[in-house]
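Any value given below was found using the heavy atoms of this structure, including those in side chains, with hydrogens, waters and symmetry copies removed.
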Amino acid sequence: MMRSDVGARLDRALSQVRFTPEMEEAVRRRMAAPPQRPVFKRAVVAVAVCAALLTVALAAGPAIWEAIQAHLGERAAYATQPQVTVTDQGFELGVAAALADRNIVRVYLTLRDLEGDRLRDGADMDLWQLARDESGDLIHDPTAPTSGEPMETLSYDEETGTLTFCQTYYRQSSREDLDLSVGEIIPGYQSFYLGLNGEKLAQAVPDGVLESALGADGRRYLLPEQNPMEMDWEKCPLPQGEEPGIRISSFGYAEDGRLHVRFQTAEDIILTGMDLPYFGGWDMELMAELPDGLDYAFPPDCPSREMLADSVVFFFTGDYSTQGGPVEGAWSLNVPLEPVESLALDWTGGPVQDPAGRREPAQVEGLWLSPLGLSMHVTSEGMADHLYPSTAVLTLTDGSQVETLDCTLAVGMEREGRVLLDLVWELDDPVELEQVASVTVLHQTMAVQGTPEIVPFAEEAP
C-alpha cells in the first residue's frame, strides 16, 4: 500500500466520525512514519483505530461518544470498544469504550433506562470489580479494599435516556479482561452535606429550648420550621433546575435536654443513606419517623451547650433518590481489554532513600513506560510516602520535554513483612514510545532503548 493510499483511507474513515481537531491530529500522529516501522503496519494500525472509533460512535450514539471523546482527549486514539451490555430490571448497562495499559484500566460505562426517564436526575451504582479464586471462579468480597478512583458522571443523553460514567481501576489481577458486577442501581441519586465545626455549631444552635412534641412511644421530637438550614449544595451540586430534596427544619435543644435535629424531605424523596455526627463518643439516635422527615438526638446533656464550640468534626452527610429509590438486580459484564504497548526500562538509581530517614530505603523492582504514562513497582518497609508526591519528565528525541501528572499510589499491599507498591505517573496527552529519548523520575534519568513490546496487563508483581 502506498503512503498516499493510507492517507486517503484515513480521510475517509475520519470523515464518518465527529472528531475534535485535537482528536483528529492525535489519530493522524499515530500513523506518522517512525523509521523502524513499515508503512503497511502503520496503515493497518491507523485504519483499525479509525474503524474502532467509528464503531464506538455508531454503537453508543453521537452525543454519548462526544462526551467520551471529550473526556479522553488525545487518549481516544488508544481506546477500544468492548461492545458488552447486560439488561435487568429495565436498565441496560454497557461498556462503550475502554483504555488500558500495564497498570490502569479506564472504562466508560453507559446506563440506559428502557422503561422511561428515571435517569434524568442522575444515578449511582453499586459497582464492583470482581476477582477470581484459584479455580478461576468469580468471587465477590464486599470487605475487600477497592483500588481505583470514584466513579465520575460524564453526561446524560435525553434522546436515549442514557447516562455515561467513567470508572478508573488500578491493577489487581493478571487477566487481560475486567469482570464488573452491579447489584443495585439508584436512579435520581443525589448526595448532600452540611459541616458545622467549632464555632459554626455553637452559632447554629439557638439559645433556649425549642418547641417539641411527644410521639406515641414517648419520645420527643422537634416541631418544624424553628431555625431551618440548607445543606451545602456547593459541595454536592444539584442537577440544573432541580430543587433540594432535604434540609434541616429545626436544630437545637428540646425539653428532654437532648440536642435534636429534624430533617425535612421533599415529596417523593427516598433517603438511601445517612451518616450522622458523633460528639465525644456520643452517637445520635432516631427519635421519630415523621411524614415529612426524621428527628435524631444525642443523649440528654451530651453534649452540653458549653461544649459545642469545642467540636472538631461535626457534619451531616447522606444521599437520596428522586426516582423511587434503589432498584436491585444482577448486572454482570466481562470486559475484554487491549493494553497499549509498554516498554520495560532499566532502573539505574539503586535503593530510593527516605529524605526524612524514617524508613529503610525503597527497592525499585520494575519500571515501565507506555504511551499513557509511567509505572513503577516498589517494595519497602512502609508506605514509602516520600515517593509519590512527585512528577516524572519525558525528554523527547527532538529535545522537548513532557511532564507527567502527579504520582498516584495505584496499589499497596503487604506481603511477608514488606509493603508492595505500584506507582503511576499519567500523561495528560499520550506520547509515542518512539518519540521518547529518556525518562527522569525520582532524580534518576534512564535512556529509552529497544523495540516496544506488548506487556500483559497487570502482570503479577514479583
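Using modelled atom types, no side-chain atom of S304 and backbone atom of D301 make a donor-acceptor pair closer than 3.5 Å. The main-chain N or O of Q226 is found under 3.5 Å from a side-chain atom of S250 such that the two form a donor-acceptor pair. At distances below 3.5 Å, at least one donor-acceptor pair connects side-chain atoms of D319 with backbone N or O atoms of G273. For the pair R262 (side chain) and L222 (backbone), a donor-acceptor distance under 3.5 Å is present. Checked by atom type and distance alone, the side chain of W331 never pairs as donor or acceptor with a backbone atom of I185 at under 3.5 Å. When atom types are taken as modelled, the side chain of Q323 and the backbone of G122 share no donor-acceptor pair closer than 3.5 angstrom. Looking only at distances, a side-chain donor or acceptor of R75 sits under 3.5 Å from a matching main-chain atom of L427. The closest donor-acceptor contact from the side chain of T317 to the backbone of F192 lies under 3.5 Å. Of the possible donor and acceptor atoms, one in the side chain of T265 sits under 3.5 Å from a partner among the backbone N and O of D292. Side chain of D113 to main chain of G161: no donor-acceptor pair is present (N/O by atom type, distance under 3.5 Å, no hydrogens or angles).
The side chain to side chain donor-acceptor pair (under 3.5 Å) search around Y108 returns H71, not counting sequence neighbours.
Here the CG atom belonging to L154 is positioned 11.0 Å from the OG1 atom belonging to T110, to the nearest 0.5 angstrom. Rounding to the nearest 0.5 angstrom, the gap separating the CZ atom in F91 from the CG atom in L163 is 9.5 Å. Within the model, atoms CG of L286 and CG of D295 stand 8.0 Å from one another, a figure rounded to the nearest 0.5 Å. For the atom pair CZ of F314 and CG of L194, the computed distance is 9.5 Å after rounding to the nearest 0.5 Å. A distance of 12.5 Å separates CD in E92 from CD in E115, rounded to the nearest 0.5 Å. Between atom OH of residue Y189 and atom CG of residue L119 there is a gap of 15.0 Å, rounded to the nearest 0.5 Å.
Proximity of M287 to H260: side-chain heavy atoms (C-beta onward) are separated by under 4.5 Å at one or more points. Between M274 and M284, every side-chain heavy-atom pair lies at or beyond the 4.5 Å cut-off. Contact annotation: the side chain of I186 approaches that of E184 to within less than 4.5 Å [non-hydrogen atoms, C-beta and beyond]. Considering only heavy atoms from C-beta on, L259 comes within 4.5 Å of F251 through its side chain. Residues L271 and L294 have side chains in contact (heavy-atom distance under 4.5 Å, counting atoms from C-beta outward). At least one side-chain heavy atom of M151 sits under 4.5 Å from a side-chain heavy atom of D124. Within the 4.5 Å cutoff, the side chain of L367 has heavy atoms near those of the L374 side chain. Here the side chains of L333 and D179 are not in contact, with every heavy-atom distance at 4.5 Å or above.
Closest approach of S311 to N197, counting heavy atoms only: OG-C, 3.7 Å. The minimum heavy-atom distance linking A266 with P244 is given by the pair CB-O, 4.3 Å. Across S249 and Q264, no two heavy atoms sit closer than the pair CB-CB, 4.0 Å. Listed here is the closest heavy atom pair of A254 and V209: C-CG1, 3.4 Å. Scanning all heavy atoms of the two residues, the minimum distance from E341 to P371 falls at O-CD, 3.1 Å. Heavy-atom minimum distance, G252 versus V205: CA-CG1, 4.1 Å.
Side chains of R102 and S342: a donor-acceptor N/O pair is absent below 3.5 angstrom, by distance only. For E365 and T379, the side-chain atoms include at least one donor-acceptor pair closer than 3.5 Å.
The environment of D217 atom CG is dense: over 12 non-hydrogen atoms of other residues, nucleotides or ligands sit within 6.0 angstrom. Atom CD of E159 sits in a sparse spot, with 12 or fewer heavy atoms from other residues, nucleotides or ligands closer than 6.0 Å. More than 12 heavy atoms of other residues, nucleotides or ligands lie within 6.0 Å of CD in E225, so this atom counts as buried by the packing criterion. No more than 12 heavy-atom neighbours from other residues, nucleotides or ligands sit within 6.0 angstrom of CD on E338. When the shell of 6.0 Å around CZ of F315 is examined, it contains 12 or fewer heavy atoms from other residues, nucleotides or ligands. Atom CD of E230 has more than 12 heavy atoms from other residues, nucleotides or ligands within 6.0 Å.
In this pair, F316 and F263 present their aromatic rings perpendicular. The plane angle is above 60°, beyond the 30 to 60° band.
Residues F298 and Y296 keep their aromatic ring centres 6.0 Å or farther apart.
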Evaluate the criterion side chain to side chain contact (heavy atoms under 4.5 Å, CB included) for residue pair Q190 and D121; output intermediate values, then yes/no. CA-CA 8 Å; Q190 176 64 48; D121 297 332; over 6 Å; no
Determine, step by step, whether L93 and F165 satisfy the side chain to side chain contact (heavy atoms under 4.5 Å, CB included) criterion, reporting the C-alpha distance in whole Å, the side-chain angles of both residues, the deciding distance to 0.1 Å, and the verdict. CA-CA 11 Å; L93 178 65; F165 304 90; over 6 Å; no
### Message
Determine whether L442 and M376 satisfy the following criterion, side chain to side chain contact (heavy atoms under 4.5 Å, CB included), listing intermediate values before the conclusion.
### Response
CA-CA 11 Å; L442 300 177; M376 176 185 289; 3.9 Å; yes
Which is it for E426 and R106 under the salt bridge (charged side-chain N to carboxylate O under 4.0 Å, His left out) test, yes or no, and what are the steps along the way?
CA-CA 12 Å; E426 286 194 75; R106 189 163 286 129; 3.2 Å; yes
Candidate pair V182 and W128, rule side chain to side chain contact (heavy atoms under 4.5 Å, CB included), full reasoning
CA-CA 6 Å; V182 172; W128 289 88; over 6 Å; no
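Here R219 pairs with E285 in a salt bridge; the nearest charged N to carboxylate O distance falls below 4.0 Å.
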